[in-house]
Number of protein chains: 2
Amino acid sequence: MPDLLDRLRERDWRLTAQRRVVTEVLGGEHVHLTADEIHALAARRLPEISRATVYNTLSELVALGEIREVNTDGRAKRYDPNAHQAHQHLICIQCGTIKDVHPEDNPLSALPPSERFGFDISDVEITYRGLCPNCAS
Amino acid sequence: MPDLLDRLRERDWRLTAQRRVVTEVLGGEHVHLTADEIHALAARRLPEISRATVYNTLSELVALGEIREVNTDGRAKRYDPNAHQAHQHLICIQCGTIKDVHPEDNPLSALPPSERFGFDISDVEITYRGLCPNCAS
DNA sequence: CCCTAACTTAGACAAGGTCTAAATTTAAAG
DNA sequence: CTTTAAATTTAGACCTTGTCTAAGTTAGGG
């Protein structure tokens with residue numbers, strides 16, 4: 001798969017300095033940053049970047065399906081660049097660390113038709129919570 | 001199982017008028033109200049009840065394990081009085097309706113040890129999303 | 001090189017929630 | 001029945017997260 005910036009170029013996404021630094025900050029595969037964290041990192045390279053632009057850019061990337069919004073705790077949303085591989089999240093209830101995990105079965109198959117109330121189900125989000133080895137000791 | 005107010009009485013929970021109306025508003029089994037909705041309903045019976053008290057009471061009920069906090073959409077948290085029966089949620093992406101559902105398997109069993117990163121997992125939260133029959137037509 | 005639509009900006013605004021200090025209420029002791 | 005200390009409630013200030021707007025700036029086709 002070509003990298004994120006290449007994919008965006010192919011889609012008539014006007015590439016500005018601001019959009020570039022935001023997507024660069026989201027480079028890794030196992031990163032789960034809040035909008036404010038992304039803004040702070042982006043501002044290290046482009047000091048005048050505004051909060052509004054970071055929010056706008058993130059919304060566009062979500063709409064394009066290039067990143068996912070994760071609602072882990074009712075606090076700030078986090079943005080997950082690992083959008084092209086189905087996965088779920090495992091979160092430490094103490095330190096907040098987030099891991100990507102991959103359940104064995106298709107999570108949808110556990111929900112029998114009688115429990116679907118006629119819905120056309122399109123998405124399943126699973127969050128596992130527990131104590132990480134570091135916090136347990 | 002004795003009802004909510006009885007259980008709380010047995011636990012030295014000082015029962016005030018404010019706490020009573022909040023717990024009464026949470027009476028049903030299949031209700032998923034926001035704090036503001038709970039405040040509005042409570043205020044119909046006890047007009048001077050404050051927002052802070054509603055938030056305090058809800059936090060205490062969560063800590064006591066009598067209700068559950070549900071984070072459905074990154075907007076306001078919802079409070080679910082159906083805390084003593086394991087269940088998950090099915091949400092309409094259009095109208096926001098929330099249904100309680102009961103998957104067949106233990107959701108934890110789908111996560112193999114190799115995907116647990118040494119965590120001691122204590123909770124799994126699953127949210128199914130789709131279009132309800134009403135919105136589909 | 002110019003033009004215009006697209007983009008970015010600062011800052012006001014809004015929703016949801018937390019905190020604080022003062023007032024009130026509870027219930028236990030005298 | 002009073003006193004009293006601790007628990008509870010209150011109004012409103014404040015905080016965090018996110019959205020909106022109007023004005024300024026920029027990308028890139030012609």
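A note on names: the letters A, B, ... follow the listed sequences, proteins ahead of strands, and every chain is numbered from 1.
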Using nucleotides 19-22 of chain C, report all nitrogen or oxygen pairs with the protein that are shorter than 3.5 Å.
none

When the distance from CG of A/N71 to P of C/dA15 is rounded to whole Å, what number comes out? 19 Å
Heavy-atom side-chain contact between B/Y128 and B/K99 under 4.5 Å: no
Donor-acceptor under 3.5 Å (A/E60 side chain, A/T57 main chain): no
Nt span of DNA chain D in reach of chain B heavy atoms at under 4.0 Å, 5' end first, is D/dA7 to D/dA11
Toward the 5' end of DNA chain C, by each residue's nearest nucleotide, B/Y79 or B/A17: B/Y79
B/Y55 OH to C/dT18 C1': how many Å, rounded? 9 Å
Report which part of the nucleic acid A/S50 touches: base, sugar-phosphate, or nothing (heavy-atom distance under 4.0 Å, all strands). base
CG of A/D73 versus C1' of C/dG16: gap in Å, rounded? 14 Å
Give a yes or no on this: more than 12 heavy atoms of other residues, nucleotides or ligands lie within 6.0 Å of atom CZ of B/R68. no
Please report, rounded to the nearest Å, how far the C1' atom of C/dC7 is from the CD atom of A/E48. 14 Å
For the residue pair B/D80 and B/H89, establish whether any side-chain heavy-atom pair is separated by less than 4.5 Å. yes
Report yes if the side chains of B/Q88 and B/L90 come closer than 4.5 Å at any heavy-atom pair, otherwise no. no
For the residue pair A/I49 and A/V22, establish whether any side-chain heavy-atom pair is separated by less than 4.5 Å. yes
With the side chain counted from C-beta on, respond yes when B/V101 and B/H87 share a heavy-atom pair under 4.5 Å apart, and no when they do not. no
Counterpart residues, side chain to side chain donor-acceptor pair (under 3.5 Å), relative to A/S50 (two or more places apart): A/T53
Take atom CG of B/L58 and atom C1' of C/dG16, then tell me their distance rounded to the nearest Å. 13 Å
Let's see if you can work this out: which of C/dA15, C/dG17, C/dT9 has an atom nearest to the side-chain heavy atoms of B/R51? C/dG17
For B/D36 and C/dT18, give me the distance from atom CG to atom P, rounded to whole Å. 12 Å
Nearest whole angstrom, please: distance from the C1' of C/dC7 to the CG of A/L15. 12 Å
Just how far, in rounded Å, is P of C/dC7 from CZ of A/R20? 15 Å
Under 4.0 Å between a side-chain N/O of B/T34 and OP1 or OP2 of C/dG16, yes or no? no
Think A/Q18 has a side-chain N or O under 4.0 angstrom from the OP1 or OP2 of C/dT9? yes
Just checking A/T53: base, sugar-phosphate only, or nothing, at a heavy-atom cut-off of under 4.0 Å? base
Do A/Y79 and A/V31 make a side-chain contact, defined as non-hydrogen atoms from C-beta onward lying under 4.5 Å apart? no
Under 3.5 Å, is there a donor on one side chain and an acceptor on the other for B/D73 and A/N71? no
Just checking A/R19: base, sugar-phosphate only, or nothing, at a heavy-atom cut-off of under 4.0 Å? sugar-phosphate
